[in-house]
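Naming: A, B, ... by sequence-line order, numbering from 1 per chain.
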There are 2 protein chains.
Amino acid sequence: MKVRQLTFRLLQVYADVVRTGSLTATANRLHLTQPTVSQQLKRLREIVGEPIVRHEEGRLVPTEVGQALYQLSQDLLSRADVFSQYVEEYNSGGRGHFSIGLVNTAQYVLPRLLGPFSQANPQVDITVEIGNRQQMLNRFERHEDDLYVFSHPPLDDDVLAAPFLSNPLVVVGPEASHWADVNDLTMEALKDQRFLLREPGSATRHTFDAWLYSAGIELRSTQQIASNEAIRLAVASGMGLAVLSRHVVADAPKGIQELPLQGFPLKSRWHFVVRRERRLPPAAYRFLSFVQGSLAQAFEEPEGGLAVAELLQALKVER
Amino acid sequence: MKVRQLTFRLLQVYADVVRTGSLTATANRLHLTQPTVSQQLKRLREIVGEPIVRHEEGRLVPTEVGQALYQLSQDLLSRADVFSQYVEEYNSGGRGHFSIGLVNTAQYVLPRLLGPFSQANPQVDITVEIGNRQQMLNRFERHEDDLYVFSHPPLDDDVLAAPFLSNPLVVVGPEASHWADVNDLTMEALKDQRFLLREPGSATRHTFDAWLYSAGIELRSTQQIASNEAIRLAVASGMGLAVLSRHVVADAPKGIQELPLQGFPLKSRWHFVVRRERRLPPAAYRFLSFVQGSLAQAFEEPEGGLAVAELLQALKVER
DNA sequence: TATAGTCATAGATAATTATCTATGGTTTAG
DNA sequence: CTAAACCATAGATAATTATCTATGACTATA
């Protein structure tokens, strides 16, 4: 058999001929003329190199080889169909894979979106990458993930960013700290305190530093600690104060409390970030759509279903 | 995916691209130019409706969908190959089915040919039909079998017949019959004996009747018995004489013996008979080839490896 | 034995496919 | 930074395919 010349169309037609036992019937069913079917059949026979049907009592019945060919056709066609369905599902985003890169702090809130999405789309498999701002920027540069969450999106023409959630940064002290009761508390009053800060690559640190700079304040004593969790514990044990995302505090308030500092919370927002050029996997697209629809329920203070919708729109145009 | 437009050629090319990770390499391997492969790939992508490869570190690697497509390709191609091999085997006659219709008497000798053939070709499955001449003629008329064995082939332009074995008809009597010792025994001397004969539709009967007629002899007493075996037993028990194929006697000589009658044995021969128009299944063709090669070993008195060879030749021309 | 139904073939055409050469853009490796 | 390698696209062409209409042959049935 000349496999090379074989087409699925021929197999479709042939399978129908075997089922109906009649060229005319197949022609009608497939909206073709009878001679067309006749010729298709002839060509298939030439490809196979062996007669595949014979006349028997006015019907066309497959020969021995034809019978085997029929089974083959069924088999191949149904496999192709399964694949076809798979592609459709993939395309709708209901199936497949995407990866999302999260800045550390965002891991406190994203599960509230990822969890329900995952539940609703069990066939979608998500890789979550987590790191500080710098690490994420590196991944972003290397195009390693499909989707990112930054509070300060990298600026680039190629980058699309949609804010979706406010990320207020607050100053925290140990539980029952006397600072909590001070009125009109200012940073001036705290600048001699020891501050426990994330490493310079972190977004929280970056924002705080910028604010300090613009306020013309220099801290006396700082200590660098690499994880939000470690900072929380340190603050709770009285080692100092810290600046954290309010979401971190809300997530695990044990032993710490927010201080009512003037000028705080510092405003910042999380953004979904994608590269315009990169084709977003349908599953990621579906995730963003899902997010857009569920922001209001998931958070008190979403920042932009609208912005996410615009991002989706922009991506749709790219397709 | 537009299954309808899918071809095996595209899958072949695609599979190779995935393996090599390079259009140029595939182009060389398949003796095409690089732009050709590029275009094939493009078309396949359009058929699938989704990107199937992407560039990664200078190599082409399948996307998620592409990976699934590659697996599909492998699967489909290998299935088509298996079928292709099957067709080849079928074509060589090493596999498949044929049916052969035997006149009763021939069943005593055909096993000597069918047995070894079957052993040598275990994938060939043979249907053996047996009946008397008339029944076989009916089957022949209805084109029910691929191949027949007759001693007197039906005459028709459409019929090809090749004698392959002599089938001497002899007169038999009970063991130790006194007729056995008579010199120059003639039918005249026996005509008053009771003859146990096959029914008129049988070839043996037909031949014997014809001989009697041409010799101008009429028998006094006959009795019709439908099977050679029953006749043998009847003769052995002294109920009369009979005309049987010498092969029957040779096969089971118990209780009977051949009488040395003048003019006997009557000559007759078995023929393989096929319809010229009918396409002989390759397995049947292979059987005839096999027979042609083994006649000399199987029988002392073959009648025509030559004739069988000619028949094969004639069929070959028809193909 | 007409008649209707079914299949095969011929002839024609538009569409699609398979390929090639030439060329320009990107990426990779020195 | 340049050369080499590699891929994409354009343009051209020959071959193949998909179809159709018209017609002829065969077959079963009224």
- Query: A:Thr33 side chain N/O closer than 4.0 Å to the phosphate oxygens (OP1, OP2) of D:dC20?
  - Reply: yes

- Got a salt bridge between A:Arg54 and A:Glu56, using NZ or NE/NH1/NH2 to carboxylate O under 4.0 Å? yes

- Query: For A:Phe8 and D:dA18, what is the distance between atoms CZ and C1' respectively, to the nearest whole Å?
  - Reply: 18 Å

- When the distance from CG of A:Leu44 to P of C:dC7 is rounded to whole Å, what number comes out? 16 Å

- For A:Leu23 and D:dC26, what is the distance between atoms CG and P respectively, to the nearest whole Å? 17 Å

- Report the relative orientation of the aromatic rings in A:Tyr90 and A:Tyr86; use parallel for angles under 30°, tilted for 30 to 60°, perpendicular for over 60°. tilted

- Query: If you look at every strand shown and take non-hydrogen atoms under 4.0 Å, does A:Thr7 touch a base, only sugar-phosphate, or nothing?
  - Reply: nothing

- Task: Choose from D:dC6, C:dA18, D:dT19 the nucleotide whose nearest atom is closest to any side-chain atom of B:Arg4.
- Result: D:dT19

- Select from B:Gln39 and B:Gln34 the residue whose nearest nucleotide in DNA chain D is closer to the 5' end of that strand. B:Gln34

- Query: Base, sugar-phosphate, or nothing for A:Thr36, non-hydrogen atoms under 4.0 angstrom?
  - Reply: base

- Please report, rounded to the nearest Å, how far the C1' atom of C:dT16 is from the CZ atom of B:Arg9. 16 Å

- Does OP1 or OP2 of C:dA8 have a side-chain N or O of A:His55 closer than 4.0 Å? yes

- Task: May I ask you to test the B:Phe272-B:Leu160 pair for a side-chain heavy-atom distance under 4.5 Å?
- Result: no

- Note on the structure: The bend of the helix from C:dT1-D:dA30 to C:dG30-D:dC1, taken between the axes of its five terminal pairs at each end and rounded to 10°, is 40°

- Electrostatic pair A:Glu199:A:Arg205 at N-O distance under 4.0 angstrom: no

- Please determine, for the side chain of A:Pro35, which listed nucleotide (D:dC7, C:dT9, C:dC7) has the closest atom? C:dT9

- Task: Would you mind checking if B:Glu88 and B:Arg95 are paired as a salt bridge, meaning a charged N to carboxylate O distance below 4.0 Å?
- Result: no

- Query: With a 3.5 Å cut-off and no angle check, do the side chains of B:Thr26 and B:Thr20 form a donor-acceptor pair?
  - Reply: yes

- Phosphate contact (D:dT17 OP1 or OP2) by A:Arg43 side-chain N/O below 4.0 Å: yes

- Message: Just the rounded figure in Å: distance from P of C:dC20 to NE2 of B:His31.
- Response: 11 Å

- Note on the structure: Closest to the side chain of B:Gln40, out of D:dA8, D:dA18, C:dT19, is C:dT19

- Item | OP1 or OP2 of D:dC7 under 4.0 Å from side-chain N/O of B:Ser38 | no

- Message: Reading DNA chain D from 5' onward, which residue's closest nucleotide shows up sooner: B:Arg45 or A:Leu32?
- Response: B:Arg45

- Task: Please report, rounded to the nearest Å, how far the C1' atom of D:dC7 is from the CD atom of B:Glu56.
- Result: 16 Å

- Measure the distance from CG on B:Leu41 to P on C:dT17 and round it to the nearest whole Å. 15 Å

- So, A:His97 and A:Thr127: side-chain donor and acceptor under 3.5 Å apart, yes or no? yes

- Item | Minimum-distance pair of heavy atoms, taken over all atoms of A:Ile47 and A:Gln5 | CD1-O, 3.6 Å

- Message: Any base atoms under 4.0 Å from A:Arg59, or only sugar-phosphate, or nothing? Heavy atoms, all strands.
- Response: nothing

